[in-house]
Structure formats: C-alpha cells, structure tokens
Amino acid sequence: MPPQLTRLDDATVAEIAAGEVISRPARVVSELIDNALDAGASRIDIAVDGDGTDRIRVEDDGHGLAREDAELAVQRHTTSKLAADASDALTAVSTLGFRGEALAAICDCATVELVTNDGDAVGTELRVDDGEVTVSDAARGQGTTVTVSDLFADRPARRESLAGPAAEFGRISDRVAAYALARPEVRFSLRHDGTTTFTTTGNGPRDALLGVYDADLARQATVVEHATDIDTGAGTGSLELRGVLAYPSVTRASREHVRVAVDGRPVEDSGLRRAVIDGYDSLLAGDDYPVAAVDIQPPSGAVDPNVHPAKQEVGLRYRETIEAAVEAAVGDALSTADARRTEAAATDLTTELDSVDRTDPFADLRVIGGFRELYLLCEDGDQLLVVDQHAAHERVNYERLQAAVGDDAVPTATLEPPASVSVSPAAASLAAAHADLLDSLGFAVETFGGGTLRLSAVPAPFGRTADPAALRATLDSIAAEETPADPRDALLAELACQPSLKAGDALSTDDAEELLARLGECEQPFACPHGRPTVCRIDEATLAAGFDRESTRFD
Ligand code: ADP
Ligand code: MG
C-alpha cells in the first residue's frame, strides 16, 4: 500500500531548510529520481531534450499514487515520508526526499504532467500549468511518469545562467550515473534527444560500471561488500560499505570518478571521497585518481540528512571514525587475494571464477622471454602478459623492506665522516622543523646554515644503506603532503627503487621465474611503490583483431 500523504506542521516546515530552489535541470532530474527510488522503483527511465529546459521525463515502476494523494503531492509541504508532527523524526528519515516541496517547487517554475497509478483499474493524469491543476483519467500500469517541460520559461535570468545543452546534459548524465552506481540493483536508462546514452541492467555493481563506463573497466574492478563495527562514542555500531573499486592500474586525472553515496543517496562529500582515495594509498602515483563507486551505510543515527537543501552534502556524527573505517575497508578490499584472483582470471564478464583459491596470480605463467631488456613476456592462458621488470622488482623490494622494518624504528648506519647534502632554503627549514620525524626515519640531520645539511646517520633497513640523496627525496615527500600519513612509506619506496633492476639488465629464465614468484607473494603485486603498473595484459583477441583474423585458431 502506498503511504498516505500528510501536511507537515509549521514548526517542521521551518526546521527543514526553507527555500529549496530548483537551480538547474540536473536538480529536477535528481529530485524525480529520488522520488522514484523512494517509491520502490526497480526500473527508472529518464529522457531529456536539449538542455533539459525543453523537457525532462522520468518514468518509474514504483508504487504509484492514488488520485487524492497525487493532488496533494504537488502542493507545498506535503509528503508521505514524515508524520505530520515530525520534528523528532527528522534525523531518522531514511528515504531520499522528505521535505515535501520538490514537486511543488518544480511546478512553480515549469509545466508538470504527472501520470500515476497505484494499482487501480484506472490511473490519474494531473497537469499543473501556471498554478492551474487539471485532473483526468489515464491509462497506465502501476508506477509514475513525471514530465517537466518549459522549465524556467518565465525566469529568463535562470535560463541565461545555464551553460548550454552539452554542459547541462553533462551534469544530468553525471547525476544519473551517480544514481546508477549507487543503486546497482535498479535498472536505469538515460536518453538524450531520442538517443539512448546509457543503460544499466540492475544486476549489480559490476554491470552498473559496465553501463556507465565500458567492458574493459568493468573487468578491471573488484566488487566490495564490507561490514565493520565502529565506535560511535556511545557503544558500537555497524558500518557497511558496498560498491566497485577499479584496480589501481586504471586511473583518471581528476577525483570526479570517485563516487560516494550514503544510504543509497549520491553525495558530494569531499571527506568521504578523500577516504576512498586514501584507501588506494601507495597504489596510485601522486596526480592519479582511481575510479570507484561506493555506497556507505553508517550506523543508524550517524547521518543528519538535513544539512544541505540539495541533499548532496551529509552531516556525519563521529565523522573521523567513519572516514577511517571507509579508508580501511577500501584498502582491505584492494589487497585481498580475491581481488587479485579476480583480476588474474577475469578474461571476460561471463566467465565464472574457478573456485580454486589461486592466491598466487602468477602461478600459471610461462616465461617466453625478454623484450629490450626491459620487459618480460609471459604466456598466461590466452593472454600475453608483459611485466615491467624494474617496476616488479621495486614492488618486491618495497614489501620486503616494509616487512623488515615492521613497526620498529628504522635501523640506521653511521656516516664517517658525515656527508653534506645541499638543499633549497625551503627544504632546509623543513628539515629543521621536522627533525624528530627525520630522526625516526633514521636520518640524523644537523642544519648547517645556508642550504647545507649535515648528515651523520642514514637509514639502513635490511642491510641496505640509503644514499644521502634519499634525504632530498624524503624532504620532497614531506613537503608534498601536508600531513604525511606514514612518511616511512615514501622513504621505503625510495629505498626500494635504488637497488632495483635498472632498465637494460637481461634476466635469465630462472631469474625471471624467481622474480615473478616473489612478485606473486606480494600484497599488492600489480603496482610498483610509486603507483605505476607492474603488469600489463594483452588478450589474444586483441592480437587477432590486429591481424584481421576472424578466429583466433589457425585457419
Ligand atoms: P518529498 O519527496 O520530499 O516527500 P516531493 O515534493 O518530492 O516531496 O514529493 C511529494 C510526495 O509525492 C512524496 O512524498 C510522494 O508521496 C509523492 N511522490 C512524488 N513522486 C512520486 C513517485 N514517482 N512515485 C510515487 N509517489 C511519488
Ligand atoms: Mg522528493
């Protein structure tokens, strides 16, 4: 049964941020999708003409509305989502819309046609044009179709502030993608000027990624489902995180492709987004961002959904704890053997993963040979694997150094006589300011005036003495990050790099197999400590296409 509509009392209305404004077509789309999802839709079809002011139509198969409820729905401050005297209940609302003014606000600045049926023999068509409401019978199955046309027709200033059809549709498309990824169990389709721009199947997160991006990306991603207990300050609560994480080898130049939803609602929340990115940690190079979509369900009571009228930012209690849990969940998901196995075995989307626990992703490789003394070529089923031997060696060294150092202080070696290292004046004052940190990293540094540092001890983990120049690299990484999470990682990455195979070292087959075996033992075999990929795969199908072969067999 669809819920009954009630009017909110004045106090509640006042409590809810007043004056929710429809600022652009993408906002209309968001509100209509919110309503469709709240109505329990399993399928939502969105069609947009031009920049969205011409026409936006959102069609759903949700529970629909009875006629008298449909008439109420377009009035201001009517909602089915709160009891009439609801001040206490506000923070407990779990639906996407609860302010009861989105439809009314849209009716204020556009012509709206709402066709709905709650399962009755005959449905309702409601037209709101310039405040005039017309009601008639309509033939429609259960669900609701809302068509918004002539948006901002009498608001020339708003129209002028829009950015043109391509940009406005871009925003809409981005919003719909965010919903499709946040609600992978719902089928979405988006059409622009009659052409379908993307669809999702409702069959889970990997399919949603396939719909929003492409098959290649969907293959190079791991599905995460994670639950963890966190401290809420008044006991413990359960935080759940679900979604898809593209492997670190897939990167983008901006953070826009890191999408976060809270309780199934896409949000622009820089803290949560940062937490997801931090979960990738050392797997990404400095300017690279991952592709990821996660839906976070914090413990009940943690979310105050009423912070922002556009409902995009969320208020979170004990935010730091939640962000730390998100970061850890993402890091865990990326480092599990399962994620590796998925990448190793996912040759196409329909192949079932074999149940054999193949923890070493390189166990079945056959080394074919080397190329230009830089790359190892290997056969892995119907794929050609190309391994960057330098990057692979760095990864192996890095993880061995990490293991050797553990949580203890870094072992050091005394320099006799001390070395002088010249650095920029800025780096010199950084060294002075972070003397304790450098000390814990194993550098005994004295500032000497000018740009000269005197170095009487250097880190020497694993019997390997750092080059004094590693101090410069360490200072660089301290300067680059405002608060280094663990500057030792940067240091270890530097050290791991020095003795690694340089380009131009030929490897015997035995050496190559040894290297791959050790790479396979790593926690994160697919990226070097600086975030560059260690391995790249070429499908036999790619070669076949290059040679215009229809079949990959001899013919
Ligand atoms: P809110 O979503 O904040 O309640 P809206 O103005 O967006 O306010 O919608 C008002 C009411 O209209 C909703 O509470 C809901 O009962 C009803 N409604 C709107 N769209 C739909 C839909 N697609 N399917 C079913 N009911 C809807
Ligand atoms: Mg709503």
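Numbering of ligands and ligand atoms starts at 1, following listing order.
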Does an N or O anywhere in Thr144 fall below 3.5 Å from an N or O of ligand 1?
-> yes
From CA spacing to verdict: salt bridge (Lys or Arg N to Asp or Glu O under 4.0 Å), Asp278, Arg274 | CA-CA 6 Å; Asp278 285 349; Arg274 175 87 260 162; 3.2 Å; yes
Are side-chain heavy atoms of Val186 and Tyr179 found at a separation under 4.5 Å?
-> no
Would you tell me which option among Asp61, Leu65, Asp69 has the nearest heavy-atom contact to atom 27 (C) of ligand 1?
-> Leu65
Are any of the N/O atoms in Glu31 less than 3.5 Å from those in ligand 1?
-> no
Would you call the rings of His192 and Phe169 parallel, tilted or perpendicular if under 30° counts as parallel and over 60° as perpendicular?
-> parallel
Any side-chain heavy-atom pair from Pro25 and Val48 closer than 4.5 angstrom?
-> no
Is it the side chain (CB and beyond), the backbone, both or neither of Leu103 that lies under 4.0 Å from ligand 1, heavy atoms counted?
-> both
CG of Leu272 to CD1 of Ile322: how many Å apart, nearest 0.5 Å?
-> 7.5 Å
Could you pull out all donor-acceptor pairs under 3.5 Å where a side-chain atom in residues 225-235 meets a protein atom, sequence neighbours excluded?
| unit_1 | atom_1 | unit_2 | atom_2 | d |
| --- | --- | --- | --- | --- |
| Asp231 | OD1 | Gly233 | N | 2.9 |
| Thr232 | OG1 | Ala234 | N | 3.3 |
| Thr232 | OG1 | Gly235 | O | 3.0 |

Tell me which part of Val58 gets within contact of ligand 1: side chain, backbone, both or neither, using heavy atoms under 4.0 Å.
-> neither
Ligand 1 N/O within reach of Ala39 N/O, cut-off under 3.5 Å | no
Any idea which of Ile106, Leu114, Asn35, Asp34 brings a heavy atom closest to atom 9 (O) of ligand 1?
-> Asn35
Asp60 N/O under 3.5 Å from ligand 1 N/O = yes
